[in-house]
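What follows is one structure encoded as structure tokens, with my remarks underneath.
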Amino acid sequence: MQKLRRTMLYVPGNNPGMIRDAHIYGADSIMIDLEDSVSLYEKDAARLLVYQALKTFDFGGIEVLVRVNPLNTPYGRDDFEAIVRAKPTAIRLPKTETADDVMEADELITGIEQKIGMELGTIKLFAAVESGKGALNAAQIAVASKRLIGIAIGAEDFVTDLKTTRSPEGIELLTARSLILFAARAAGIAAVDTVYSDVNNEEGFANEVKLIKQLGFDGKSIINPRQIEIVNRIYTPTKTEIQKSKRIIEASLEAEANGSGVISLDGKMIDRPIVERARRVLDLAEAAKINVE
């Protein structure tokens, strides 16, 4: 079963209570933020807080990422030095525009891992694309490092870069979303969509989740635990989809056992892409704690 990232919950890096409790809400991943949610005057204190939290708190086995400040700011390198030592699952690299940005981060992490005797490659990377330049370079970014486990879009900075604003339909994000998704699929890494900031507009949020699911995204960054249930519900397959997928997998296994390269179900040929989609359905069902036996 592949790692599912339906929901990636943002947590401010200067709020110890929220960091401590983040794992209880049922998100697939937690992303502790040292960048936009932390003021310039709190950067150093938040970095120390997050370091101590990662070393001390039990996150219940949930994937934990830390969004650091960009390396071209006064805080980026200090963030890397501290956070690599705290050993999260991955570091989320904001405002990624080129493959060089990823490679610079990779080299920095490698140096720190070597310095402290950590196994090389332990700390992964997750790139966030937040500009037109980044979207155009998404394919190169996605393959720039073996550490990279995913790529995401950050909409607020992106639409500002494009000199527009976000619309309910999201038409201004469609091209960037597609470029990032294509890049992720070609590289075999995760694709995660941007946040939806109006937490009181549940209908608008649900519509956006349906859109990004249909496009093919693995999941969505979220800013409020109330949004988790909506995302997980939309990503959870129906009983009919689960039953059909089970039958497809069973037919595939039967064909394999018989040494046949031809998979047939109800008199119809089943090709490999359909089998892969069936596996994805069963993975999502398992994540939703639906018994697929």
Side-chain angles (χ1 to χ4, degrees), residues 1-8 28-29 31 63 65 67 70 89-107 109-110 120-155 157-159 161-162 170-195 208-221 231 234-235 237 245 248 252 270-284 287:
M1 177 177 171
Q2 293 183 339
K3 167 64 185 171
L4 294 179
R5 297 183 177 89
R6 299 165 299 177
T7 47
M8 187 173 286
D28 293 326
S29 304
M31 185 171 63
E63 178 180 71
L65 300 88
R67 181 168 75 168
T89 305
I91 288 176
R92 177 143 154 166
L93 189 64
K95 298 176 176 59
T96 310
E97 292 197 320
T98 67
D100 287 343
D101 293 338
V102 178
M103 290 187 283
E104 181 183 14
D106 186 324
E107 290 173 5
I109 294 172
T110 296
L120 295 183
T122 297
I123 306 301
K124 306 304 181 184
L125 279 167
F126 209 107
V129 169
E130 304 178 58
S131 68
K133 182 177 180 180
L136 289 173
N137 289 328
Q140 291 75 40
I141 289 168
V143 295
S145 168
K146 291 182 179 180
R147 294 182 188 272
L148 204 66
I149 60 173
I151 186 169
I153 179 171
D157 282 291
F158 180 81
V159 297
D161 185 56
L162 262 61
I171 187 65
E172 66 288 340
L173 296 176
L174 181 57
T175 299
R177 279 173 165 152
S178 298
L179 288 170
I180 288 166
L181 184 63
F182 297 163
R185 294 297 169 254
I189 60 177
V192 174
D193 192 50
T194 187
V195 300
E208 185 161 282
V209 175
K210 291 174 184 175
L211 170 65
I212 62 107
K213 178 178 180 288
Q214 182 61 33
L215 285 173
F217 277 86
D218 293 287
K220 193 161 183 63
S221 301
V231 177
I234 291 170
Y235 269 83
S245 295
I248 290 170
S252 172
I270 302 295
D271 57 17
R272 292 295 170 185
I274 294 175
V275 175
E276 290 301 314
R277 290 202 296 271
R279 290 197 180 102
R280 167 73 172 168
V281 167
L282 296 184
D283 284 349
L284 287 168

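- Of all the heavy atoms in Ile153 and Ile180, the pair that sits closest is CB-CD1, 3.5 Å.
- Listed for the Asp101 side chain is a donor-acceptor partner under 3.5 Å among the backbone atoms of Glu97.
- A donor-acceptor pair is defined here as one N or O able to donate and one able to accept, closer than 3.5 Å; no such pair exists between the side chain of Ser145 and the backbone of Asp106.
- One finds the CZ atom of Arg277 at 9.5 Å from the OG atom of Ser245 (value rounded to the nearest 0.5 Å).
- Between Leu93 and Ala105, the closest heavy-atom pair is CD2-CB, 4.0 Å.
- A donor-acceptor pair is defined here as one N or O able to donate and one able to accept, closer than 3.5 Å; no such pair exists between the side chain of Thr194 and the backbone of Gly154.
- Side-chain atoms of Ser131 do not come within 3.5 Å of backbone N or O of Phe158 as any donor-acceptor pair.
- With contacts defined as side-chain heavy-atom distances shorter than 4.5 Å, the pair Ile248/Ile274 qualifies.
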Verify side chain to side chain contact (heavy atoms under 4.5 Å, CB included) between Ile109 and Thr122, making sure each step is shown before the conclusion. CA-CA 9 Å; Ile109 294 172; Thr122 297; over 6 Å; no
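- Here the CG atom belonging to Leu65 is positioned 10.0 Å from the CG atom belonging to Leu125, to the nearest 0.5 angstrom.
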Set out, in order, the CA-CA distance, both residues' side-chain angles and the distance that settles side chain to side chain contact (heavy atoms under 4.5 Å, CB included) for Arg177 and Asp193, then state yes or no. CA-CA 8 Å; Arg177 279 173 165 152; Asp193 192 50; 2.8 Å; yes
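- A distance of 7.5 Å separates CG in Asp283 from CZ in Arg280, rounded to the nearest 0.5 Å.
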Stepwise side chain to side chain contact (heavy atoms under 4.5 Å, CB included) test for Ile141 and Thr98: CA-CA 6 Å; Ile141 289 168; Thr98 67; 5.6 Å; no
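- Checked for salt-bridge contact, Asp218 and Arg185 meet the test: a charged N lies under 4.0 Å from a carboxylate O.
- Here the options are Lys213, Arg5, Glu208, the test is side chain to side chain contact (heavy atoms under 4.5 Å, CB included), and the partner is Lys220; only Glu208 passes.
- Rounding to the nearest 0.5 Å places CD1 of Ile151 at 7.5 Å from OG1 of Thr96.
- Gln140 approaches Ala99 most closely through the heavy-atom pair O-CB, 3.8 Å.
- Annotation for Leu284 and Tyr235: closest pair CD1-O, 3.5 Å, computed over non-hydrogen atoms.
- Distance check, rounded to the nearest 0.5 Å: CD1 of Ile91 to CZ of Phe126 gives 13.5 Å.
- When all heavy atoms of Leu120 and Thr110 are compared, the closest pair comes out as CD2-O, 3.9 Å.
- Within the 3.5 Å criterion, the main-chain N or O of Gly134 finds no donor-acceptor partner in the side chain of Asn137.
- Shortest non-hydrogen contact noted between Ile149 and Ile189 is O-CB, 3.5 Å.
- Note that NZ of Lys95 and CD of Glu130 are 4.5 Å apart. Values are rounded to the nearest 0.5 Å.
- The side chain to side chain contact (heavy atoms under 4.5 Å, CB included) test with Ser29 is passed by exactly one of Arg6, Lys3, Arg92: Lys3.
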Checking Asp28 against Met8 for the side chain to side chain contact (heavy atoms under 4.5 Å, CB included) test, could you report, in this order, the C-alpha distance in whole Å, the side-chain angles of both residues, the deciding distance, and whether it holds? CA-CA 6 Å; Asp28 293 326; Met8 187 173 286; over 6 Å; no
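- With Lys124 contributing its side chain and Gly121 its backbone, the two residues share a donor-acceptor pair below 3.5 Å.
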